[in-house]
Amino acid sequence: MNTDNIQNPAEEESRPLNFIHQIIEEDIRNNKNESRVHTRFPPEPNGYLHIGHAKSICLNFGTAAKYNGLCNLRFDDTNPAKEDTEYVDSIMEDVHWLGFDWGDNLYYTSDYFEQIYRFAEKLIIKGKAYVCDLSADQMSENRGTPTRPGNESPYRNRSADENLDLFHRMRAGEFPEGARVLRAKIDMASPNMHMRDPILYRILYASHHRTGDTWCIYPMYDFAHGQSDSIEGITHSICTLEFEVHRPLYDWFINELEIFAPRQIEFARLNLSYTIMSKRKLLELVMEHFVDGWDDPRLPTICGLRRRGYTPESIRNFSEMIGVAKRDNIIEVSALEFCIREDLNKRANRAMAVLNPLKVVITNYPEGQVEYIDAINNPEDETAGTRKVPFSKELYIEQDDFMMDPPKKYYRLAPGAEVRLRYGYFIRCTDVIRDSNGAITELHCTYDPLTRGGNSPDGRKVKGTIHWVSAAQAVEAEVRLYERLFLTENPDDVPEGADFKSNINPESLRKVTGFVEPSLMNAHAGDTFQFERLGYFCLDPDTSSSKLVFNRTVPLKDSYARSEKTEKK
RNA sequence: UGUCCUGUGGUGUAACUGGCAACACAACUGAUUCUGGAUCAGUAGAGUCUAGGUUCGACCCCUAGCAGGACAACCA
């Protein structure tokens with residue numbers, strides 16, 4: 001391995017390095033660890049991954065790829081009470097879906113339980129760890145506070161032999177849960193709370209999803225993470241900011257154990273406006289049925305975004321775009337939406353769908369006639385080809401595309417006005433039919449037969465083009481329209497005593513029944529489309545042979561709606 | 001009243017390690033368009049938390065403040 005690759009500007013362009021890559025390049029220049037770069041993504045299998053994890057996944061796997069290194073997937077499974085293989089499976093699925101591959105480098109912290117146990121023995125023998133019999137409450141009391149030093153445990157000065165014996169018996173299952181713990185002997189007066197004789201091992205009679213009942217003592221995060229990194233030869237252990245205060249402890253263990261020293265680097269976790277990222281709160285939303293499961297398309301979980309219609313590429317681009325730094329941040333959702341629109345614009349086939357139907361009868365069109373019109377699948381991609389769309393006397397258009405008394409800059413249909421039906425004909429509205437309550441039930445229009453395909457031989461222009469479906473051939477579909485899950489930009493920011501759930505948007509999901517063009521009947525779950533003039537949609541797995549279900553991924557930008565809004569102000 | 005971290009346009013990230021602040025998103029204007037989309041061209045918006053200091057010169061270095069965040073689970 002050499003450093004050539006980092007100076008290769010061919011594809012890297014001159015995009016500035018983030019601070020982590022600056023550190024890495026400096027390490028490479030100094031030939032630290034023979035210029036090897038080895039990272040890891042270390043989730044605890046106790047929940048589903050969300051877009052914040054995606055940032056970390058892209059960072060870790062992306063960094064390894066950038067520097068021709070390796071990235072491990074390691075399950076940090078030291079707390080059997082909370083972990084489960086269900087989560088292991090979903091995490092592997094999500095990482096793969098995002099487009100990353102750990103190859104043979106799949107590990108579990110539980111693989112190292114025996115070795116970590118030996119590490120503990122070594123500390124005991126060195127006089128750097130002791131078995132403590134204090135209860136959880138007593139220990140908490142003795143720990144002091146950030147501004148007040150703690151008190152030393154009365155068990156702190158047991159002999160190494162006694163500690164070793166007690167520790168062995170802890171493992172042998174001689175003591176009940178909570179009776180004893182193994183602690184490091186550091187400094188009860190340290191200004192860093194994590195250095196006040198932290199717990200290394202606790203007794204837990206819980207069955208572990210991988211080691212079963214082999215163990216009844218389990219190492220704590222701090223005593224497992226750095227050592228696992230060390231065992232795997234991780235050179236750069238990248239984690240989020242809250243572990244910054246753990247770093248002195250991380251380094252202390254590595255140093256006392258005299259083992260390979262990875263370097264922990266912390267970055268600011270991702271926050272997205274109008275949503276939450278905390279696993280605990282996500283779980284709450286799922287358990288209390290504010291959403292319909294972990295893959296609810298309103299959730300920022302990877303599986304939720306997938307179901308919503310987000311592509312792996314869009315999420316990877318997003319991760320790249322938001323950057324990596326140490327200051328707290330809240331990224332605007334519009335940045336995420338930009339990424340998915342940018343991606344889908346290039347790859348999603350177009351289709352026509354009417355979500356709020358208004359019937360249109362073409363009075364001068366032959367009764368019973370159906371013709372099939374060519375429509376372009378994707379104007380951004382010539383290779384996508386064309387398809388046939390049926391046209392007939394009775395159509396549906398969008399209610400929004402007709403106005404009785406249109407304002408100045410309304411380009412759509414109105415009494416007497418002419419518009420183009422996309423890929424179809426020019427039509428002019430001649431009559432408005434109402435029911436006994438005065439509500440508009442249908443429109444009568446005439447079409448100009450010479451404008452087939454959408455152009456007039458006399459060079460006549462129309463300003464508006466609207467989408468439509470043929471009533472007889474259109475297929476009914478349930479369309480789920482999602483809005484942001486929360487009303488406020490930062491749902492976590494609530495007044496004293498209030499709950500983040502008080503900020504939930506009661507209208508985050510609206511289901512409508514609309515009509516889609518018949519070609520969509522052949523779609524498969526997960527397929528994405530642009531419904532012309534409406535937005536990007538994907539076929540939901542809830543679709544059955546009797547019912548199509550679409551999710552709106554994101555609406556199209558709508559500068560007309562925006563200008564309307566500002567005019568009303 | 002402790003330790004650690006962080007303060008740059010609305011948002012996020014940069015600034016060749018001291019040479020008068022750039023890029024993206026968002027916003028706005030115009031052109032173009034059979035999607036009020038996309039595309040193209042352009043406009044506006046910060047003088048870098050504050051006060052001192054060093055320097056010919058400070059976003060960058062020093063000092064003192066201020067503001068925000070993390071840390072007191074037998075969680076990770």
Side-chain angles (χ1 to χ4, degrees), chain A residues 14-18 22 42-44 46 76-79 81-83 132 134-136 139-141 143-150 177-183 190-196 199-204 217-218 220-222 224-225 239-248 266 268 273 279-280 321-339 341-342 345-346 350 352 376 379-380 409-412 419-424 426 453-455 461-467 489 530-535 555-564:
Chain A
S14 53
R15 201 177 196 274
L17 298 173
N18 65 50
Q22 284 177 19
E44 181 189 16
N46 70 341
D76 210 350
D77 53 354
T78 57
N79 185 3
K82 290 187 175 176
E83 297 152 7
C132 181
L134 253 24
S135 70
M139 208 176 293
S140 159
E141 239 168 78
R143 192 158 20 235
T145 69
T147 55
R148 185 166 44 77
E177 236 176 72
R180 292 189 155 93
V181 295
L182 183 72
R183 302 175 72 179
S190 170
N192 183 339
M193 296 294 289
H194 296 280
M195 301 299 273
R196 322 245 263 225
I199 294 172
L200 272 33
Y201 269 90
R202 76 285 212 188
I203 299 170
L204 234 43
I217 58 172
Y218 292 92
M220 299 287 289
Y221 164 85
D222 284 307
H225 201 94
C239 62
T240 46
L241 246 30
E242 66 269 28
F243 293 102
E244 215 155 20
V245 280
H246 292 244
R247 183 159 20 101
E266 310 85 10
S273 64
K279 263 190 198 175
R280 199 206 85 223
M321 174 172 158
I322 59 177
V324 179
K326 293 193 74 161
R327 76 178 88 125
D328 293 327
N329 61 78
I330 300 182
I331 311 282
E332 293 175 346
V333 270
S334 59
L336 216 208
E337 292 175 343
F338 166 81
C339 291
R341 286 195 189 103
E342 182 190 43
N345 180 45
K346 289 179 309 198
R350 316 287 124 127
M352 291 200 281
I376 295 167
E380 306 289 320
K409 287 206 167 165
Y410 189 78
Y411 304 153
R412 285 110 99 150
V419 296
R420 170 169 39 229
L421 295 176
R422 176 134 240 230
Y423 299 124
F426 287 9
N455 288 299
K461 300 277 185 203
V462 288
K463 187 71 179 162
T465 300
I466 64 174
H467 60 278
E489 203 164 314
Q530 184 196 100
F531 289 174
E532 299 235 16
R533 301 209 303 134
L534 295 177
L556 250 31
K557 280 210 226 167
D558 188 350
S559 57
Y560 176 69
R562 213 169 27 227
S563 66
E564 248 191 337

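Chain identifiers are assigned alphabetically (A, B, ...) following the order of the sequence lines, protein sequences preceding nucleic acid strands; residue numbering begins at 1 within each chain.
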message: According to ring pair (Phe, Tyr, Trp, His ring centres under 6.0 Å), who are the partners of F531(A), at least two apart in sequence or on a separate chain?
response: F537(A), F550(A)

- request: For Y423(A), answer base if it contacts any base atom (sugar-phosphate contacts may also be present), sugar-phosphate if it contacts only those atoms, and nothing otherwise; contact means non-hydrogen atoms under 4.0 Å.
  value: base

message: Show, in sequence, the C-alpha distance, side-chain angles and deciding distance for M220(A) and V181(A), and conclude whether the side chain to side chain contact (heavy atoms under 4.5 Å, CB included) test is met.
response: CA-CA 10 Å; M220(A) 299 287 289; V181(A) 295; over 6 Å; no

- request: Measure from CD1 on I331(A) to P on G10(B) and round the result to the nearest Å.
  value: 16 Å

message: Could you go through L421(A) and I466(A), starting from their C-alpha distance and side-chain angles, then the distance that decides it, and tell me whether this counts as side chain to side chain contact (heavy atoms under 4.5 Å, CB included)?
response: CA-CA 5 Å; L421(A) 295 176; I466(A) 64 174; 3.8 Å; yes

query: Just how far, in rounded Å, is C1' of G37(B) from CD of E337(A)?
result: 15 Å

Presence of salt bridge, E44(A) and K279(A), under 4.0 angstrom: no

task: Check whether any side-chain N or O of T147(A) sits under 4.0 Å from OP1 or OP2 of U3(B), and answer yes or no.
output: no

query: At under 4.0 Å, does any side-chain N or O of S273(A) touch on OP1 or OP2 of U11(B)?
result: no

field: For atom OH of Y201(A) and atom C1' of A76(B), their distance in whole Å
entry: 16 Å

Non-neighbouring partners of P379(A) that pass side chain to side chain contact (heavy atoms under 4.5 Å, CB included), sequence neighbours left out: R350(A), I376(A)

Polar pairs (N or O, both sides) under 3.5 Å between protein and nucleotides 40-45 of chain B?
none

- request: For T465(A), check side chain to side chain donor-acceptor pair (under 3.5 Å) against everything at least two apart and list the hits.
  value: R420(A)

statement: Expected label for G47(B) (glycosidic angle, syn inside 90° of 0, else anti) would be syn

- request: May I have the distance from K409(A) (atom NZ) to G30(B) (atom C1'), rounded to whole angstrom?
  value: 11 Å

- prompt: Can you check the L336(A) CG to U11(B) P distance for me, whole Å?
  reply: 18 Å

task: Have a look at F426(A) and say if it touches a base, only the backbone sugar-phosphate, or nothing, with a 4.0 Å heavy-atom cut-off.
output: nothing

Residue list, ring pair (Phe, Tyr, Trp, His ring centres under 6.0 Å) with H225(A), at least two apart or on another chain: Y221(A)

message: Taking any heavy-atom pair under 4.0 Å as a contact, classify I322(A): base, sugar-phosphate, or nothing.
response: sugar-phosphate

Provide a list of protein-nucleic acid N or O atom pairs under 3.5 angstrom, restricted to nucleotides 70-72 of chain B.
| from | atom 1 | to | atom 2 | distance (Å) |
| --- | --- | --- | --- | --- |
| C71(B) | O2' | H194(A) | NE2 | 2.9 |

- prompt: Looking at R562(A), does any N or O in its side chain come under 4.0 Å of the phosphate oxygens OP1/OP2 on C28(B)?
  reply: yes

message: Is R148(A) close enough to U3(B) that one of its side-chain N or O atoms is under 4.0 Å from OP1 or OP2 there?
response: no

- request: Name all residues meeting the salt bridge (charged side-chain N to carboxylate O under 4.0 Å, His left out) criterion together with R422(A); count only those two or more places apart in sequence or in a different chain, and write none if there are none.
  value: E532(A)

query: Considering only A76(B), C74(B), C5(B), which nucleotide approaches the side chain of K326(A) most closely?
result: C5(B)

query: Between the main-chain N or O of N79(A) and the side-chain N or O of E83(A), is there a donor-acceptor pair closer than 3.5 Å?
result: yes

- request: Give E44(A) one of three labels, base, sugar-phosphate or nothing, depending on what nucleic acid heavy atoms sit under 4.0 Å from its own.
  value: sugar-phosphate

field: Per-nucleotide protein contact string for nucleotides 16-24 of chain B (B base, S sugar-phosphate only, - none; heavy atom under 4.0 Å)
entry: -B------S

- request: Any chance you could encode RNA chain B as dot-bracket? Rule is Watson-Crick or G-U wobble with both distances under 3.5 Å; [ ] for pairs crossing earlier ones, | for another strand.
  value: .((((((..((((.....[..)))).(((((.......))))).....(((((..]....))))))))))).....

- prompt: Okay, side chain of E489(A), backbone of S273(A): is any donor-acceptor separation there less than 3.5 Å?
  reply: no

message: Please enumerate all residues that pass side chain to side chain donor-acceptor pair (under 3.5 Å) together with N192(A), with sequence neighbours excluded.
response: none

field: Pairing residues for E177(A) by the side chain to side chain contact (heavy atoms under 4.5 Å, CB included) criterion, not counting sequence neighbours
entry: I203(A), L204(A), Y205(A)

query: So, is R183(A) close to the C74(B) phosphate, meaning a side-chain N or O under 4.0 Å from OP1 or OP2?
result: no

- prompt: Nearest nucleotide by nearest heavy atom, which residue falls closer to the 5' end of RNA chain B, Q530(A) or D222(A)?
  reply: Q530(A)

query: How long is the line joining CG of L556(A) and C1' of U35(B), in whole Å?
result: 7 Å

task: Would you mind classifying the nucleic acid contact of P379(A) as base, sugar-phosphate or nothing, using non-hydrogen atoms under 4.0 angstrom?
output: base

message: Rounded to whole Å, how long is the line connecting atom CZ of F531(A) with atom P of A38(B)?
response: 19 Å

- prompt: Counting any heavy atom closer than 4.0 Å, what does R196(A) reach on the DNA or RNA strands: base, sugar-phosphate only, or nothing?
  reply: nothing

message: Students often get this wrong, so: under 4.0 angstrom with heavy atoms, is N46(A) touching a base, only sugar-phosphate, or nothing?
response: nothing

query: Heavy atoms under 4.0 Å, any strand shown: does I376(A) hit a base, just sugar-phosphate, or nothing?
result: nothing

- request: With syn defined as a glycosidic angle within 90° of 0 and anti as everything else, classify U43(B).
  value: anti

- request: Would you mind classifying the nucleic acid contact of L134(A) as base, sugar-phosphate or nothing, using non-hydrogen atoms under 4.0 angstrom?
  value: base

message: Between the base of G36(B) and the ring of Y560(A) - centre-to-centre under 5.5 Å, planes within under 30° - is that a stack?
response: yes

message: Need one value for A325(A): base, sugar-phosphate or nothing, where a base atom within 4.0 Å counts as base even if backbone is also close, heavy atoms only.
response: sugar-phosphate

query: Quick one: side chain to side chain donor-acceptor pair (under 3.5 Å) partners of R202(A), sequence neighbours excluded?
result: none

Between P of A38(B) and CG of N345(A), the distance in whole Å: 7 Å

query: Which part of the nucleic acid, if any, lies within reach of V462(A) when heavy atoms closer than 4.0 Å are counted: base, sugar-phosphate only, or nothing?
result: nothing

